[in-house]
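What you see below is based on every heavy atom in this structure, not just the backbone, and it leaves out hydrogens, waters and symmetry mates. All values reported here derive from a predicted model rather than from experimental measurement.
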Amino acid sequence: MVEQAQYENTDIIASNEVTLGKRFTVAALVDIARFGYKVRFAPEYESRVRASRDLVEKWIDEGRVMYGITTGFGALSTQLISKEETERLQKNIILSHSTSVGQPLKVEQVRAIMVCMLQSMGQGYSGVRLTLLEKIRDFLNEGITPYAPGNGSVGYLSVEGHIGRVLIGQGKAYYDGKVEETAPLLERLGIEPLVLAAKEGLALISGTTSPTGLAALTIHDMLQASRSADVIGAMCLEVTKGTLRAFDERLMETKPYREQKAVAGNVRRVLQGSEIAEKHMDYRLQDALSIRAIPQLHGAARRTLTNVLEVIEEELNYCGDNPIIWPDDTGGAALSGCQCDASYVGLAMDSSCMAATMIAKMSERRNYRMTTSTHSEMPWFLIRNPGVNSGLMIPQYTQAGLLGEMKILSTSAVIDSIPTCGGQEDYVSMGYNASKKAYEVADKLEYILAIELLSAYQAHQFIEDLSPSPAVQAVLNEISRKVPLIEEDVYVQEYIVALKELIHEGRLLETVETEIGTLE
């Protein structure tokens, strides 16, 4: 779990609670979406939402023509809607736009999107009632999660429509580990469904909430995996008798990249006090690139992922609605534009896929070296009696298969565009597809790193009379709680899953950082 110190300039009022109202972070979103932190609203959050709503109601009374409020949507924006039909219009947009299909999103993904809804509409430019945002907040806090099919979006609308259906008492929802029909669930819990008012149906489905929600979870996992890769790469270097000379501080000074320096520093710190590394400092003049280029490749990927994090956190702190309700001294304006476009998020997530796949391709090569006797100088496939035993031969095949999928998923989504809405939306961002596939890439990266970690763990038994570094020994001890040393062929898939969880849950980094302090 993330440390509280990461919430710089963000309101945190108590343990296990996040208060919305000031600067918001990816770390805070993950705590709410994945770890179930409760959501609270700061007074300034509620104040700006009420002020924005007051403007909308004033303009409706004045009879202003406003897109999606007193008109239809998209190509139907020329159709005027009477005040009496407003409620029906907002409900209709939820029902008609709930068209995503296929397998449902995970609970944490839907919760992340709901948090993004609160953040976007809570900026005070959407003109929705506080009642709507309180309903979303209460569903998050009570563990009521809409069932939302995950396929069929170009950037917004469809997935959000399914979430909106649950808010108005329709569709299905997850509660207490089960999927239930929403209407009887809410009745049993004594919760009144929401009745949508003017602007609210449109505000629910508009914006970059689904791409941003998925992106926030993804970039958190990718950055955590990238730091984990530094640790695992260091373990591979140690056990394959690699030299730390390629990580020398003086060498790092000849290029300006701070991420490269950070990675090299991480590897040096992880291996500080290693008898194995010390003895083999001059064993080879230089190692294969998958070992000696760790600072360069991991550093380049880290820079890309860090830039992606900045983009996603910017998106989390702004309003992606259309139209925007702008207050000013002249009475304000409803401004129609395209703040709902997900190009920033989509392009960032396409880039994150390439960065993660680069980390994965190096991990697979390191693992190949460890399991190949002619490279590692250890028994074939890290088993004492190869031949009758296959050892860790086939997990490398799994890496190859996963890496092949990652390469496919690293093809850009946002370069595609298929016109929609009768040509009114003649360009679409495809940001949702970029975020959706990036989430899969992060998952596969963790598995590839887990397989390398399994090999590094198994390989250390073949280094006799020399001790690993204290940090590496702590990792080996942590792994041994779930994974035994393999003497003969056994079912290893469960070990891969256990090590993947060690990476995903952050326990690998916690184990190392307990020994040497926070990694960069």
Side-chain angles (χ1 to χ4, degrees), residues 228-244 267 270-281 283-284 287-288 290-291 294 362-399 447-503 507-509 511-512 514-516:
S228 299
D230 294 352
V231 175
I232 298 166
M235 294 176 68
C236 176
L237 182 154
E238 183 182 57
V239 81
T240 56
K241 304 174 184 177
T243 177
L244 277 168
V267 172
V270 168
L271 295 182
Q272 188 172 359
S274 168
E275 293 180 358
I276 303 171
E278 181 63 30
K279 179 171 181 178
H280 298 105
M281 185 71 75
Y283 190 74
R284 300 184 190 91
D287 295 302
S290 60
I291 302 294
I294 288 174
M362 180 176 271
S363 173
E364 183 277 328
R365 287 293 83 195
R366 289 193 300 259
N367 183 58
Y368 181 88
R369 299 192 73 79
M370 283 189 287
T371 57
T372 301
S373 183
T374 52
H375 294 315
S376 68
E377 303 175 11
M378 289 179 278
W380 274 99
F381 308 118
L382 303 174
I383 197 78
R384 290 192 183 279
N385 187 16
V388 66
N389 293 296
S390 295
L392 297 183
M393 176 196 296
I394 303 304
Q396 186 263 332
Y397 284 46
T398 304
Q399 280 188 315
Y447 275 116
I448 284 178
L449 291 174
I451 291 170
E452 183 188 358
L453 181 58
L454 177 63
S455 293
Y457 170 72
Q458 180 73 4
H460 269 82
Q461 69 174 303
F462 299 110
I463 303 294
E464 299 176 351
D465 303 323
L466 294 171
S467 298
S469 74
V472 170
Q473 186 61 59
V475 172
L476 298 176
N477 293 342
E478 179 65 24
I479 294 173
S480 69
R481 297 171 58 188
K482 293 288 184 69
V483 181
L485 290 174
I486 301 170
E487 302 292 341
E488 295 182 346
D489 279 354
V490 293
Y491 177 64
V492 299
Q493 192 264 1
E494 61 185 342
Y495 302 149
I496 296 170
V497 171
L499 295 182
K500 194 262 191 187
E501 291 174 354
L502 189 72
I503 294 167
R507 288 185 286 119
L508 174 65
L509 290 177
T511 299
V512 171
T514 298
E515 294 291 326
I516 62 174

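Glu238 and Ser274 share a donor-acceptor pair across their side chains, judged by distance under 3.5 Å alone. Using modelled atom types and a 3.5 Å distance limit, the side chains of Glu377 and Tyr283 yield a donor-acceptor pair.
Atom CD of Glu278 sits in a sparse spot, with 12 or fewer heavy atoms from other residues, nucleotides or ligands closer than 6.0 Å. The 12-atom threshold is exceeded at CG of Asn477, counting heavy atoms of other residues, nucleotides or ligands nearer than 6.0 Å. Within a 6.0 Å sphere centred on CD of Gln272, other residues, nucleotides and ligands contribute 12 heavy atoms or fewer.
Side-chain contact between Met370 and Thr240 is present, with heavy atoms from C-beta onward closer than 4.5 Å. Side-chain contact between Leu244 and Met281 is present, with heavy atoms from C-beta onward closer than 4.5 Å. Counting heavy atoms from C-beta on, the side chains of Val472 and Leu476 come closer than 4.5 Å. At a threshold of 4.5 Å between non-hydrogen side-chain atoms, the residues Leu485 and Tyr457 count as touching. Side-chain atoms of Val512 and Leu509, non-hydrogen and from C-beta on, never get closer than 4.5 Å to each other. Between Ile496 and Leu454 there is a side-chain heavy-atom pair separated by less than 4.5 Å. Put simply, the side chain of Ile232 reaches to within 4.5 Å of the side chain of Leu508, judged on heavy atoms. Asn389 has its side chain out of reach of Ile486: every pair of non-hydrogen atoms, C-beta onward, lies at least 4.5 Å apart.
Glu275 places a side-chain N or O within donor-acceptor distance of the main-chain N or O of Ser467, the cut-off being under 3.5 Å. Side chain of Thr372 to main chain of Arg369: no donor-acceptor pair is present (N/O by atom type, distance under 3.5 Å, no hydrogens or angles). Arg284 places a side-chain N or O within donor-acceptor distance of the main-chain N or O of Lys241, the cut-off being under 3.5 Å. In terms of modelled atom types and a separation under 3.5 Å, the side chain of Thr511 and the main chain of Ala474 share no donor-acceptor contact.
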